[in-house]
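A quick write-up on the structure given underneath.
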Amino acid sequence: MSKKKRKIIVARHAGFCSGVKNAVKTAFDSAKQQDKNKPLYSYGELIHNESVNRELSKRGVTVIDDLATANDSAVIIRSHGVAKTVYQTISQNNNQLIDATCVFVKRVHQIVEQRSAEGYQIVIIGDAKHPEVQGISGWCDKAIIINSLAEAKAIKATKPLCVVAQTTLNAQLYDEITCYLSEHYDDAIFYKTICSATQLRQDEARQIAQKVDYMIVIGGKNSSNTKKLYQISKEICKKAQLIQDFQQIDVKLLRNYGNIGIVAGASTPDWIIDEVIRKLKFEGEVVINGK
Ligand code: F3S
């Protein structure tokens, strides 16, 4: 394969989404302004990116998973959001609450809280183990959480359904499930709460994967939206690889392939994407698509 002809197509919608950008800025700003005698905590890792979390830790932001640890301190709620009871728990212990919940996640909280109070059975399409979904389910009466068409078919509800989605849900899965539910529940209401940043990323991954021979997906191992980009990429492209940073690129292996596509999850900082591009450029590749 001639080096000159090979191209790298970088997704336009790669890197921090608005929610993550806001959470990261909030955390760094809080670390700067924080009273040195008052501990500053992040309830759970702020984002799914080890380098950013390491930087925050150096600046005094400590990750906690148990709120019993937090007394007379400041606690950051990350973009995934939390259950309503968590707000009460944080406030009870004389803590300052710094809320970095993404506005799009907040909207889902408001929908399920209101519809649940109106008597709807809330159905969340998403991963029951994901903190965002656990947070959403904490704003309504017992939600039904499903993540497949088979689980949708197994729903037995006596109340009208109100269906929402994890913001990073695969749009095709949402369509498949809601198509079935709308045919079987006349009075069901649906909110396609998939975040547009997620949708754009997934659509772009699909388009790029069709044009290249090798897809590189950059993002955290635990990032739900990154894993979905990887899943989409490997379904379409001959070969796809999920990496955390440029060090995991095997340049020798890549020489066996033609054009390369690069997509990145919403928690991936621009500088990590740039490092990957730089490493490939070094090999004489041509970068297209804005970056
Ligand atoms: Fe928010 Fe969408 Fe990002 S829901 S955290 S802007 S992926």
Side-chain angles (χ1 to χ4, degrees), residues 11-30 42-53 56 61 63 76-84 86 98-113 122 124-140 143 145 147 163-174 190-206 217-233 242 262-270 272-273:
R12 286 181 202 282
H13 304 282
F16 283 175
C17 61
S18 58
V20 168
K21 206 179 271 176
N22 172 58
V24 171
K25 185 177 180 314
T26 304
F28 277 100
D29 287 353
S30 306
S42 165
Y43 184 42
E45 285 199 325
L46 192 85
I47 65 167
H48 297 296
N49 184 278
E50 286 168 22
S51 331
V52 174
N53 292 333
L56 283 169
V61 181
V63 177
I76 304 169
I77 293 176
R78 57 190 174 173
S79 56
H80 287 326
V82 292
K84 195 173 183 178
V86 173
I98 303 168
D99 193 356
T101 304
C102 173
V103 288
F104 301 116
V105 176
K106 202 83 222 127
R107 181 178 160 252
V108 190
H109 293 172
Q110 285 156 359
I111 292 170
V112 299
E113 185 177 31
I122 304 298
I124 307 169
I125 311 176
D127 176 0
K129 293 195 189 109
H130 193 282
E132 180 196 319
V133 173
Q134 291 169 348
I136 295 169
S137 70
W139 286 85
C140 57
I145 303 173
N147 210 10
V163 184
V164 297
Q166 184 176 350
T167 54
T168 52
L169 190 76
N170 182 318
Q172 281 176 349
L173 179 62
Y174 176 89
F190 300 92
Y191 292 92
K192 193 171 186 174
T193 50
I194 300 175
C195 162
S196 61
T198 305
Q199 180 97 54
L200 285 170
R201 271 185 179 69
Q202 292 179 358
D203 290 349
E204 213 181 0
R206 238 170 246 119
V217 182
I218 315 170
K221 290 189 293 270
N222 302 322
S223 153
S224 159
N225 75 89
T226 303
K227 281 193 268 185
K228 272 160 204 154
L229 291 177
Y230 175 59
Q231 199 183 327
I232 289 169
S233 301
L242 174 55
I262 296 181
V263 292
S267 307
T268 310
D270 277 355
I272 289 192
I273 303 171

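Counting starts at 1 for both ligands and their atoms, following the listed order. Position 1 is the first residue of the sequence, and the numbers go up from there.
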Steps toward salt bridge (Lys or Arg N to Asp or Glu O under 4.0 Å) verdict (Arg78, Glu45): CA-CA 8 Å; Arg78 57 190 174 173; Glu45 285 199 325; over 6 Å; no
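Contact annotation: the side chain of His130 approaches that of His80 to within less than 4.5 Å [non-hydrogen atoms, C-beta and beyond].
Remark: ligand 1 atoms within the under-4.0 Å shell around heavy atoms of Cys102 are 1 (Fe), 4 (S), 5 (S), 6 (S). Residue Thr198 approaches ligand 1 through these ligand atoms, each under 4.0 Å from one of its heavy atoms: 7 (S). Contact atoms of ligand 1 toward Ser18: 6 (S) (distance under 4.0 Å to a heavy atom of the residue). Annotation for ligand 1: atoms under 4.0 Å from non-hydrogen atoms of Thr167 are 4 (S).
Taking backbone and side-chain atoms together, Cys195 has no N/O/S atom less than 2.8 Å away from atom 3 (Fe) of ligand 1.
Other residues, nucleotides and ligands contribute more than 12 heavy atoms inside 6.0 Å of the OH atom of Tyr174.
A salt bridge links Lys84 with Glu113: at least one charged nitrogen is closer than 4.0 Å to a carboxylate oxygen.
Nearest protein heavy-atom contact of atom 3 (Fe) of ligand 1 is Cys17 SG, 2.2 Å.
Thr198 and Thr168 share no donor-acceptor pair across their side chains, judged by distance under 3.5 Å alone.
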